[in-house]
Amino acid sequence: MDLKSLSYVELQDITKEIEHELKSRKSRILSEAKNEIFSIAKKHGLTIEEILAGKSATKVAGTKSVAPKYRNPNNTEETWTGRGKKPSWVLAAISEGTSLDQLKI
């Protein structure tokens with residue numbers, strides 16, 4: 001199909017048909033996926049609720065609060081644990097010549 005040869009109205013009609021087909025396929029795929037998930041859970045003698053609760057319980061149990069290691073001298077409420085991406089205030093302080101050791105709590 002040569003899309004460039006179609007008029008604006010024809011392209012809009014095709015777009016509507018595509019959107020309708022995408023919604024239909026997504027609905028069918030979701031239904032199939034849900035059935036597969038229920039089937040796997042049933043095979044193992046579990047319910048979906050038990051599976052989801054088990055995941056949540058593991059995640060909550062494994063979560064630990066980490067004490068901050070660095071504090072913004074310009075705003076003492078801003079802290080950083082030293083994990084993950086450096087906050088903008090840390091990057092700004094470093095670019096101004098402050099060492100990370102100087103920001104330690």
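- The minimum heavy-atom distance linking T81 with V66 is given by the pair CG2-O, 3.5 Å.
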Full working for salt bridge (Lys or Arg N to Asp or Glu O under 4.0 Å) between K23 and E19: CA-CA 6 Å; K23 285 179 185 178; E19 288 173 354; 5.9 Å; no
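- Between E36 atom CD and I29 atom CD1 the span is 11.0 Å, to the nearest 0.5 Å.
- Taking 4.5 Å as the limit, some side-chain heavy atom of T76 sits within range of a side-chain heavy atom of R71.
- With a 4.5 Å cut-off on side-chain heavy atoms, N75 and E78 count as touching.
- Counting heavy atoms from C-beta on, the side chains of N72 and T79 never come closer than 4.5 Å.
- Atoms CD1 and CD1, on I40 and I51 in that order, are 8.5 Å from each other to the nearest 0.5 Å.
- Side-chain heavy atoms closer than 4.5 Å link hydrophobic residues (I, L, V, M, F, W, Y) into clusters, and following such links, even through other members, never connects I48 to L30.
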Side-chain donor-acceptor pairs under 3.5 Å in residues 85-103, sequence neighbours left out?
{"from": "S95", "atom 1": "OG", "to": "L91", "atom 2": "O", "distance (Å)": "3.4"}
{"from": "S95", "atom 1": "OG", "to": "A92", "atom 2": "O", "distance (Å)": "2.8"}
{"from": "T98", "atom 1": "OG1", "to": "A93", "atom 2": "O", "distance (Å)": "3.4"}
{"from": "S99", "atom 1": "OG", "to": "Q102", "atom 2": "N", "distance (Å)": "3.3"}
{"from": "S99", "atom 1": "OG", "to": "Q102", "atom 2": "OE1", "distance (Å)": "3.4"}
{"from": "Q102", "atom 1": "OE1", "to": "S99", "atom 2": "N", "distance (Å)": "2.7"}

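- From L52, atom CG reaches atom CD of E49 across 7.0 Å, with rounding to the nearest 0.5 Å.
- Separating the CG atom in L11 from the CD1 atom in I18 is a distance of 9.0 Å, to the nearest 0.5 Å.
- Hydrophobic cluster membership differs between M1 and V9, with clusters built from Ile, Leu, Val, Met, Phe, Trp and Tyr side chains linked at under 4.5 angstrom.
- Here K42 contributes atom NZ and I37 contributes atom CD1; the two are 16.0 Å apart, rounded to the nearest 0.5 Å.
- A distance of 8.5 Å separates OG1 of T15 from OH of Y8, quoted to the nearest 0.5 Å.
- No donor-acceptor distance shorter than 3.5 angstrom exists from the side chain of S24 to the backbone of H20, with no hydrogens or angles considered.
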